[in-house]
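What you see below is based on every heavy atom in this structure, not just the backbone, and it leaves out hydrogens, waters and symmetry mates.
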Amino acid sequence: QVQLVESGGGLVQPGGSLRLSCAASGRFFSINSMAWYRQVPGKQRELVADITTSGTTNYADSVQGRFTISRDNAKNTVYLQMNSLKPEDTAVYYCKAAVRPRQWLPRQEYWGQGTQVTVSS
């Protein structure tokens, strides 16, 4: 069983910074791409950023230049450094990982439980 546990959310003033972490645990063969999504009530979950095993990154236009995604493969952890936060960044942030449970099994997607980020003065 694979578990993703997020941490680092909270309340921050506009212009401030937060760093989210998401650690994968359990038994698995490998982790491929990892990503951060966010969702506000009444809207679809949207991709914030993703990163491949080799470190290639992709960002939503709305966070380009302000957020940085990174990963530590030895720790099975993905991070999201969020700078210059705006009220419109307020959302529940979820991490997602494409995990191969066993070498002979196909990749499956796993989600974390979400962490609330609130940007407000």
> Would you say that more than 12 heavy atoms from the other residues, nucleotides or ligands in this model lie under 6.0 Å from the CD of Glu88, or not?
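Counting other residues, nucleotides and ligands, CD of Glu88 exceeds 12 neighbours.
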> In plain terms, say whether Lys96 and Asp50 are close enough for a salt bridge, that is, a side-chain N and a carboxylate O under 4.0 Å apart.
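Not counted as a salt bridge, because no side-chain N and carboxylate O are separated by less than 4.0 Å.
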> Give the minimum heavy-atom separation between Gln108 and Pro101, together with the two atoms involved.
NE2-CG, 3.6 Å
> Checking side chain to side chain contact (heavy atoms under 4.5 Å, CB included) for the pair Met34/Cys95: CA distance, chi angles, key distance, verdict?
CA-CA 7 Å; Met34 303 184 82; Cys95 70; over 6 Å; no
> Walk me through whether Thr118 and Ser120 qualify under side-chain hydrogen bond (donor to acceptor under 3.5 Å, both in side chains).
CA-CA 6 Å; Thr118 302; Ser120 175; over 6 Å; no
> Can you get from Val92 to Leu18 by hopping between Ile, Leu, Val, Met, Phe, Trp and Tyr side chains that sit under 4.5 Å apart?
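No, Val92 does not connect to Leu18 through the hydrophobic network.
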> Side-chain heavy atoms nearer than 4.5 Å, only ILVMFWY residues, links allowed to pass through others: does that put Tyr37 and Ile69 together?
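No; tracing contacts between hydrophobic side chains, which count when under 4.5 Å, never links both residues.
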> Taking Tyr79 for the side chain and Asp72 for the main chain, is one N or O donor matched with an acceptor at less than 3.5 Å?
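No, Tyr79 side chain to Asp72 backbone: no donor-acceptor pair under 3.5 Å.
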> What's the separation between atom CD1 in Ile51 and atom CG in Asn32, rounded to the nearest 0.5 Å?
13.0 Å
> Identify the heavy atoms of Arg27 and Val2 that sit nearest to each other, and give their distance.
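Scanning both residues, the minimum pair turns out to be O-CG2, 3.9 Å.
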> Side chain to side chain contact (heavy atoms under 4.5 Å, CB included) for Leu47 and Asn58? Distances and angles first, verdict last.
CA-CA 9 Å; Leu47 176 68; Asn58 174 57; 3.8 Å; yes
> Between Ser121 and Pro14, what is the shortest heavy-atom contact and its length?
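Ser121 and Pro14 have their closest heavy atoms at N-CD, 3.7 Å.
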> If hydrophobic clusters are built from ILVMFWY residues whose side chains come within less than 4.5 Å, do Tyr94 and Leu4 share one?
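Looking at the clustering, Leu4 is in a separate group from Tyr94.
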> Between atom OH of Tyr59 and atom CD of Gln64, what is the distance when rounded to the nearest 0.5 Å?
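The OH atom of Tyr59 sits 7.5 Å away from the CD atom of Gln64.
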> Under the side chain to side chain contact (heavy atoms under 4.5 Å, CB included) criterion, do Ser62 and Arg38 qualify, and how do the steps go?
CA-CA 12 Å; Ser62 58; Arg38 66 186 181 187; 3.3 Å; yes
> Could you tell me which non-hydrogen atom of Glu6 sits nearest to which non-hydrogen atom of Gly112, and how far apart they are?
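Of all heavy-atom pairs spanning Glu6 and Gly112, the closest is OE2-CA, 3.4 Å.
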> What is the ring orientation for Tyr93 with Phe67, classed by angle as parallel under 30°, tilted 30 to 60°, or perpendicular over 60°?
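Because their plane-to-plane angle lies in the 30° to 60° range, the rings of Tyr93 and Phe67 count as tilted.
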> Short question: side chain of Arg100, backbone of Leu105 - any donor-acceptor pair under 3.5 Å?
yes
> Of all the heavy-atom pairs spanning Leu80 and Ala49, show the shortest one and how long it is.
CD1-CB, 4.5 Å
> I need the Ile31 CD1 to Asn76 CG distance, nearest 0.5 Å.
4.0 Å
> For residues Thr53 and Asn73, determine if any side-chain heavy atom of one lies less than 4.5 Å from a side-chain heavy atom of the other.
yes
> With distance as the sole test, does Arg107 use its side chain to make a donor-acceptor pair with the main-chain N or O of Ala98 at under 3.5 Å?
no
> Apply side chain to side chain contact (heavy atoms under 4.5 Å, CB included) to Met82 and Leu20, showing your working.
CA-CA 8 Å; Met82 305 185 292; Leu20 306 183; 3.8 Å; yes
> Does Arg71 use its side chain to pair, donor to acceptor, with the backbone of Ala35 at less than 3.5 Å?
no
> Are Trp111 and Trp36 connected in the hydrophobic side-chain network, where two residues link if heavy atoms are under 4.5 Å apart?
no
> Do you know which two heavy atoms are closest between Val40 and Thr90, and how far apart they sit?
CG1-O, 3.1 Å
